[in-house]
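Each ligand, and each atom within it, is numbered from 1 in the order the structure gives. This structure is a prediction, so every number in the text was calculated from the model and none was measured.
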Amino acid sequence: MGFTPRVGSSPSSGTIFFVWSWLVVHLPSSVTIVEVSLRDGLQDEHTTLSTADKAALCRDLVGAGLRYIEATSFVRPDLVPQLADAEELAEHIPAASDVVYAALIPNLKGAERALRSGFRTWHLLVSASETHNWVNIRRTVSQSLDELGQVAAIAAQAGVALAGYIGTAFGCPFEGHISLTKVRRLIDAYAGMGLNHITLADTTGMANPRQVYETAMSLQEAYPAVVFGMHFHNTRDLGLANVLAAMQAGVTRFDASLGGIGGCPFAPAAGGNIATEDLVNMLSEMGIDTGTDLDRLIDASRRLESLLGHELPSRLPKVGKAYDLHDPAEIR
Ligand code: ZN
């Protein structure tokens with residue numbers, strides 16, 4: 001379904017009310033945030049944080065109310081040295097029975113390591129773009145799917161929960177436009193492995209809100225048993241606009257990264273993820289529950305900034321919350 005605005009005349013109050021109620025009724029009452037700063041965020045930083053600093057960051061995230069955290073990736077340590085301590089970190093993240101700790105699993109070897117480390121939720125990844133998949137994972141899309149099928153079989157046997165990620169789902173910096181047919185091929189493959197949580201990743205921030213809305217509407221209609229999530233990068237400042245468009249299409253699961261850090265080491269100009277604190281600010285101002293404490297997120301983001309030693313892209317730690325009021329005497 002869609003909404004066709006009236007053209008050729010100024011909008012009546014009835015039209016304005018209709019637009020407003022259409023917007024409101026298509027917003028969720030709550031949203032799940034998948035926090036990815038420890039993985040997507042840190043993998044793109046020049047500074048490699050110590051395991052102790054990562055564990056402290058993880059405690060900050062949990063303390064601020066986040067309940068789904070992608071903690072690391074079992075990639076080759078020589079390719080992504082920032083995440084080389086995956087096994088060690090698994091022993092130091094705060095134990096909390098109500099927090100989902102996920103690990104990104106790029107291949108069979110990663111699955112074996114994650115299993116030994118006790119991760120009970122795995123994120124699988126393949127790119128819709130053949131070129132990006134090759135640059136990122138050194139496999140063709142078909143080779144990746146074969147291997148992920150074996151990973152999914154191990155997970156099923158071990159009772160591990162799975163979510164499937166589709167990289168470059170909205171565009172590729174090497175191939176340009178990505179057709180929905182390519183994306184659907186990967187959803188079909190994931191569904192064939194028994195997955196019903198699938199996240200579309202805008203790896204290099206190429207998506208726009210209209211594309212996101214139409215993609216989400218089309219895929220949810222075609223795959224009613226699948227719960228779709230979205231992973232947006234803010235490369236071109238469209239991250240939160242894309243979240244709004246996705247929510248209007250019914251999506252309620254979004255990845256975000258504290259401080260807005262992140263990027264893909266294997267793609268040009270990837271840009272950071274949408275910032276968790278900026279996302280929470282937008283959602284809470286709109287009356288949408290995230291279960292998080294914005295003040296604690298802002299404090300955690302400032303601590304992360306001092307650990308990393310450079311300015312982070314998020315806005316809220318710089319400008320404060322909308323209703324942090326100021327004394328007019330401060331203005332001269
Ligand atoms: Zn990403």
Side-chain angles (χ1 to χ4, degrees), residues 32-46 54 57 61 66 68-75 79-80 82-83 86 102-106 110 121-129 131-137 144 148 163-175 178 183 186 190 197-208 211-212 215-216 228-243 246 251 253-279 301 304 308 312-314:
T32 298
I33 296 177
V34 178
E35 171 63 36
V36 298
S37 55
L38 280 159
R39 198 279 303 168
D40 198 332
L42 294 183
Q43 77 176 9
D44 209 44
E45 288 292 329
H46 293 299
K54 289 181 189 178
L57 169 59
L61 298 170
L66 291 157
Y68 194 135
I69 294 170
E70 190 183 66
T72 190
S73 173
F74 287 88
V75 281
L79 292 182
V80 187
Q82 295 93 330
L83 305 181
L104 185 71
I105 310 296
T121 300
W122 296 354
H123 291 171
L124 311 185
L125 172 65
V126 60
S127 287
S129 151
T131 314
H132 184 262
N133 201 64
W134 184 261
V135 171
N136 197 27
I137 312 178
S144 275
L148 293 180
Y165 277 68
I166 299 178
T168 62
F170 296 96
C172 168
F174 309 111
E175 295 185 10
I178 294 292
V183 174
L186 300 183
Y190 276 143
H197 279 93
I198 294 176
T199 290
L200 305 184
D202 183 26
T203 310
T204 61
M206 293 171 70
N208 68 72
Q211 175 192 22
V212 167
T215 301
F228 286 98
M230 297 279 170
H231 174 111
F232 294 123
H233 281 257
N234 203 31
T235 318
R236 294 172 177 84
D237 251 357
L238 292 179
L240 293 185
N242 288 332
V243 169
V251 176
R253 178 172 158 134
F254 295 97
D255 289 12
S257 172
L258 191 72
I261 60 171
C264 177
F266 308 105
N273 292 80
I274 57 170
T276 309
E277 59 270 40
D278 294 353
L279 173 65
S301 182
L304 179 60
L308 293 173
L312 304 187
S314 60

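- With hydrogens and angles ignored, the 3.5 Å screen pairs no side-chain donor or acceptor of Ser37 with any backbone N or O of Gly41.
- Relative orientation of the Phe170 and Phe232 rings is tilted, given thresholds of 30° and 60° on the angle between their planes.
- Listed by chain and number, the protein N, O or S atoms at a distance under 2.8 Å from the Zn ion (ligand 1) are Asp40 OD2, His231 NE2, His233 NE2.
- Among Glu70, Arg39, His197, the one residue that satisfies the side-chain hydrogen bond (donor to acceptor under 3.5 Å, both in side chains) test with His123 is Glu70.
- Put simply, the side chain of Tyr190 gets close to the backbone of Tyr165: a donor and an acceptor are under 3.5 Å apart.
- The closest donor-acceptor contact from the side chain of Thr131 to the backbone of Phe174 lies at 3.5 Å or more, if one exists at all.
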Legend entry - Stepwise side chain to side chain donor-acceptor pair (under 3.5 Å) check, Asp40 with Ser257: CA-CA 8 Å; Asp40 198 332; Ser257 172; over 6 Å; no

